[in-house]
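All remarks here apply to the structure that follows.
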Amino acid sequence: DTGVSQNPRHKITKRGQNVTFRCDPISEHNRLYWYRQTLGQGPEFLTYFQNEAQLEKSRLLSDRFSAERPKGSFSTLEIQRTEQGDSAMYLCASSPTEGGGAVFFGPGTRLTVL
Amino acid sequence: GEDVEQSLFLSVREGDSSVINCTYTDSSSTYLYWYKQEPGAGLQLLTYIFSNMDMKQDQRLTVLLNKKDKHLSLRIADTQTGDSAIYFCAENQFYFGTGTSLTVIP
């Protein structure tokens, strides 16, 4: 395991459809983060997990978004009833410590909503 | 959310030093990060500094932290064309700046 992996790398969907993304963190990293990045902007924090517990959710995360990390390993991010404004790169990151330290990002999943 | 601000663009000549600046607002920040993003690629962690430190050096990279002014800088010595990218500072793991696009002129 050499890094954070995300699948799929690209997703094209029609408005109104549901989509689910998966993130596999670096082994034994207990913190996992989700972000959204649009063109020309920095990543926007969405939510994070400490093991299986979801500790914080940004107000950017509408009710259509839900994230899970059932066994404290991989995580999924689901978007229901997608809208064109959801088109973005969705980034996952993980870190090995509770207090911070090095945080490593995956390659991202690019979502295009038609 | 918290505001993390960076200048948008920086151009330097190859071999010169680059200094990328960042200001943040949350005085309770524990860690401050610098990331590099090349076109079409993910974010690469360059370095990070704990808030009780003033400076951290790692090969060509020097990070300076002024907690009083909430100012963070990244100095790249002997800048190379491969350093051309967008550089993001981040406050803890939650708040990112809009990025500084560094262009290195051969």
Side-chain angles (χ1 to χ4, degrees), chain A residues 2-10 21 23-26 29-50 54-61 67 75 88-110 112, chain B residues 1-10 20-53 56 58 61 63 65 72 74 85-103:
Chain A
T2 57
V4 179
S5 62
Q6 292 186 247
N7 288 287
R9 295 292 307 278
H10 303 273
F21 309 140
C23 171
D24 287 88
I26 295 171
H29 278 195
N30 48 24
R31 277 204 168 180
L32 186 148
Y33 310 83
W34 284 101
Y35 304 84
R36 179 173 63 192
Q37 186 178 24
T38 53
L39 196 62
Q41 299 296 317
E44 295 175 301
F45 168 75
L46 295 178
T47 188
Y48 85 94
F49 292 84
Q50 174 75 30
Q54 188 172 17
L55 294 187
E56 189 165 337
K57 291 170 61 173
S58 164
R59 64 178 183 274
L60 296 174
L61 208 65
S75 175
M89 179 74 84
Y90 289 84
L91 300 169
C92 176
S94 68
S95 68
T97 63
E98 290 190 13
V103 180
F104 298 94
F105 277 78
T109 294
R110 181 167 295 285
T112 302
Chain B
E2 303 296 336
D3 289 328
V4 180
E5 296 189 352
Q6 300 178 239
S7 53
L8 291 180
F9 302 101
L10 177 65
I20 303 172
N21 295 301
C22 172
T23 57
Y24 61 97
T25 56
D26 186 358
S27 57
S28 67
S29 294
T30 306
Y31 288 93
L32 294 138
Y33 297 83
W34 283 105
Y35 290 89
K36 176 184 180 183
Q37 188 173 37
E38 296 180 84
L43 275 78
Q44 174 192 351
L45 175 66
L46 289 177
T47 187
Y48 62 98
I49 188 168
F50 190 51
S51 58
N52 68 352
M53 298 169 65
K56 181 178 181 181
D58 184 0
L61 305 179
V63 178
L65 175 60
L72 182 73
L74 174 70
I86 299 176
Y87 291 79
F88 294 97
C89 67
E91 190 177 6
N92 293 328
Q93 294 84 9
F94 305 126
Y95 306 112
F96 283 73
T98 52
T100 298
S101 178
L102 173 64
T103 301

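Order of the sequence lines fixes the chain letters, A, B, ..., with proteins taken first and strands second; residue numbering starts at 1 for each chain. FYI, side chains are in, hydrogens and waters are out, and symmetry mates aren't considered; it's all heavy atoms of this structure.
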Legend entry - Atom group of Q37(B) that falls short of 4.5 Å from chain A, counting heavy atoms: side chain

Inset, instruction - Can you measure from OH (Y35(B)) to CG (L46(B)) and round to the nearest 0.5 angstrom? - result: 9.5 Å

Inset, instruction - Quick one: which of F105(A), Y35(A), Y48(A) has the most heavy-atom pairs under 4.5 Å with chain B, could you say? - result: F105(A)

Legend entry - Rounded distance [0.5 Å steps], OH in Y31(B) versus CE in M53(B): 10.0 Å

Legend entry - Distance (rounded to the nearest 0.5 Å) between W34(B) CH2 and L32(B) CG: 9.5 Å

Inset, instruction - Pick one of side chain, backbone, both or neither for F88(B), based on which atoms fall under 4.5 Å of a heavy atom in chain A. - result: side chain

Legend entry - Which portion of Q37(A) sits near chain B, non-hydrogen atoms under 4.5 angstrom: side chain

Inset, instruction - Check K57(A), Q54(A), E56(A) against T47(A) for a side chain to side chain donor-acceptor pair (under 3.5 Å) and give me the one that passes. - result: Q54(A)

